[in-house]
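Working notes, beginning with the structure itself.
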Amino acid sequence: MTLKVTTFLDRDRTHAGCAQPLRQWEDVMSAHPWMKSDAISGKRLASCRSIWVALAILVAAANGTRSEVYQLQPGDVVNFDFLDDALLPVLLTVDADGTAQFPLVGGVEIGGLSVSQALEKLRTEYKNRQMLVDPKIALNIATYKQVFVLGEVKNPGSFPFYPGLTVEQAVGLAGGTLTAASSASDKIMARARLRGTMDGAEVEIVHEAIYAARLAAQLRGAETIDLRDAPETARPFLEKTSLKSVLEIEEKILKTDLITTQAQVQILTQGIAETEAALKILAQLEVEQKSVVEMNERDLERVTALRKRELNTETEIARVKNTTSNEKTQLLEIYAEMSRSRRELGNLKLELAKLQADREKDILLKLQEREAAIKKLQSTRQSAEEQFYLIASVAADERNRDQISFTYEVRRPKKGVNTVIDGAPYTELLPGDVVAVSIAGM
């Protein structure tokens, strides 16, 4: 027995993790008065030392249990080192697919493995790829994936994980539960803030509703706003507020828009009317010019016939030909002007139609935006109202503190699927866990 214990205590063969606990146990026990006395024999001393060693190993094993049982997952950061070189260790992050990029071998999937399993897999990889004959490597967890705390806590968010972290401790990192963390003044300020949000939302709803009614009036071409054109869901809010000043401003905008639109339409309509009148004049000129051209052509035929009978001169024929040519040119100019006027008329009509279509489209789009804004504001107001009455309810219930309890839902990601666990304050968490805190019965 003594020989076995002595061999077991050989420092060179002792696990590095046990060295410190062993030295601590030796220091404590050697300082004990019982051990300093001569009442204990050498064999019994050796037996006692074997018990100390066993206890030291148990302590070291307990410290390493969590890291051995824990399976690496995406988001963890591991510390990797070659033990037989002078290079510094490197920090590697486990990617979403469970792999980490290791020196020389690249991506190795270690997600779902314990640290010892991952280390053994890495040794195998380095051997199989003939990178190292006898890999002397070290691997440990540098940073765990953060845990998340949501719900009825003062500061919801993500927090660093450490082994042994419980639900209660995670809630503490998040500032504690709302009812426990909030003082009376906090609740008063919260209610005042929520009341302000509700009142502000109501004011915005009224503004958006009147804006929508004014757009409807613009669409009809009316000169006054009819509140019956406001969205139906917003009408109850219009009955609670004095609308005189808001309506006056919106009706001024309505009248200004109406005047501007009418002026634009009038200009285009006038241009269309003038172009149509010009076309009528050109049509009359065309008829008259055609008559002149026909008359000159008959005159040219008459002069040509007389010239054949030598009853006139070449000069007379040339004069009549020149006159006829000029009259034809003038007729062509009338045709060209009529074509330009027709194009101008078409452009004016198109511009008028486009003005009306664009205006109607713009108004309809703005109406849609108003309806969406009103729905969003109503949702904001409803949410603030629910929180307002919830705080009031909790404040009333806090008079009897024992009646308030919380539920803790732990959502644990595993192989891409969230497993839901009904947690308790002392439930131990794993990296990446999401803790949802809620008031029981609400």
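Bear in mind the structure is a predicted one, so any value in this text is a computation, not a measurement. Both backbone and side-chain heavy atoms feed into the values below; hydrogens, waters and symmetry mates do not.
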With side chains defined as the heavy atoms from C-beta onward, is the minimum distance between [X] and [Y] less than 4.5 Å?
X	Y	result
L364	L219	yes
V410	V167	yes
L150	V437	no
L227	D229	no
F159	Q146	no
E428	L165	no
K366	Y211	yes
P103	F82	yes

Steps toward side chain to side chain contact (heavy atoms under 4.5 Å, CB included) verdict (L122, L139): CA-CA 9 Å; L122 285 169; L139 182 72; 4.0 Å; yes
Pair [X] + [Y], salt bridge at N-O below 4.0 Å:
X	Y	value
E385	R381	yes
R340	E337	yes
K252	E250	no
R359	D257	yes
R123	E120	yes

Please give me the minimum heavy-atom distance between [X] and [Y], naming the atom from each residue.
X	Y	answer
A230	A213	N-CB, 4.0 Å
L429	R412	CA-NH2, 4.0 Å
L258	A222	CD2-O, 4.1 Å
P160	L173	O-CD1, 4.3 Å
A216	L367	N-CD2, 4.4 Å
Q117	L113	OE1-CA, 3.5 Å

Does a sphere of radius 6.0 Å around CG in D422 hold more than 12 heavy atoms from other residues, nucleotides or ligands, not counting ones at 6.0 Å or beyond?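 No.
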For the backbone of [Y] and the side chain of [X], can you confirm whether one donor and one acceptor N or O come within less than 3.5 Å of each other?
X	Y	value
D433	L430	yes
R235	R228	yes
Q169	T166	yes
Q101	G107	yes
R370	P231	no
Q378	T233	yes
D97	T99	yes
T427	A424	yes
D76	K145	yes
T380	K376	yes

Mutual orientation of the aromatic rings belonging to Y70 and Y144 [parallel < 30°, tilted 30-60°, perpendicular > 60°]: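 Rings of Y70 and Y144: perpendicular, over 60°.
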How are the rings of Y126 and F80 set to each other: parallel, tilted or perpendicular (split at 30° and 60°)?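 Because their plane-to-plane angle is under 30°, the rings of Y126 and F80 count as parallel.
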Verdict with supporting geometry, E276 and K349, side chain to side chain contact (heavy atoms under 4.5 Å, CB included): CA-CA 11 Å; E276 288 176 343; K349 287 182 177 180; 3.7 Å; yes
What distance do [X] atom [atom1] and [Y] atom [atom2] have between them, rounded to the nearest 0.5 Å?
X	Y	atom1	atom2	value
D358	I363	CG	CD1	11.0 Å
L279	S339	CG	OG	10.0 Å
L194	M189	CG	CE	11.0 Å
I253	E248	CD1	CD	12.5 Å
K244	I249	NZ	CD1	12.5 Å
E202	L238	CD	CG	11.5 Å

With E152, the side-chain contact (heavy atoms from CB on, under 4.5 Å) member among V171, I439, T177: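 Testing each of V171, I439, T177 against E152, the sole residue satisfying side-chain contact (heavy atoms from CB on, under 4.5 Å) is I439.
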Chi angles and distances behind the side chain to side chain contact (heavy atoms under 4.5 Å, CB included) call for L91, N79: CA-CA 5 Å; L91 295 177; N79 192 320; 4.0 Å; yes
Given E125, which partner from the list K127, K121, R129 fulfils the salt bridge (Lys or Arg N to Asp or Glu O under 4.0 Å) test?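 Exactly one candidate clears the test, R129.
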Take D226 and R220, measure what salt bridge (Lys or Arg N to Asp or Glu O under 4.0 Å) needs, and give me the verdict at the end. CA-CA 11 Å; D226 188 348; R220 295 195 317 271; 5.3 Å; no
Before you tell me yes or no, could you show the steps for E351 and N347 under side chain to side chain contact (heavy atoms under 4.5 Å, CB included), namely the whole-Å CA-CA distance, both residues' side-chain angles and the distance that decides it to 0.1 Å? CA-CA 6 Å; E351 190 173 349; N347 290 335; 5.9 Å; no
Decide whether T407 and S438 meet the rule of one side-chain donor and one side-chain acceptor closer than 3.5 Å.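 Note: T407 and S438 side chains meet the donor-acceptor criterion.
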Per-pair distances, 0.1 Å, donor-acceptor, side chain in residues 265-273, under 3.5 Å, sequence neighbours excluded:
unit_1: T269; atom_1: OG1; unit_2: V265; atom_2: O; d: 2.6
unit_1: Q270; atom_1: NE2; unit_2: E274; atom_2: OE2; d: 3.3

Residues in ring pair (Phe, Tyr, Trp, His ring centres under 6.0 Å) with F388, at least two apart?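 Listed in chain order: nothing, the list is empty.
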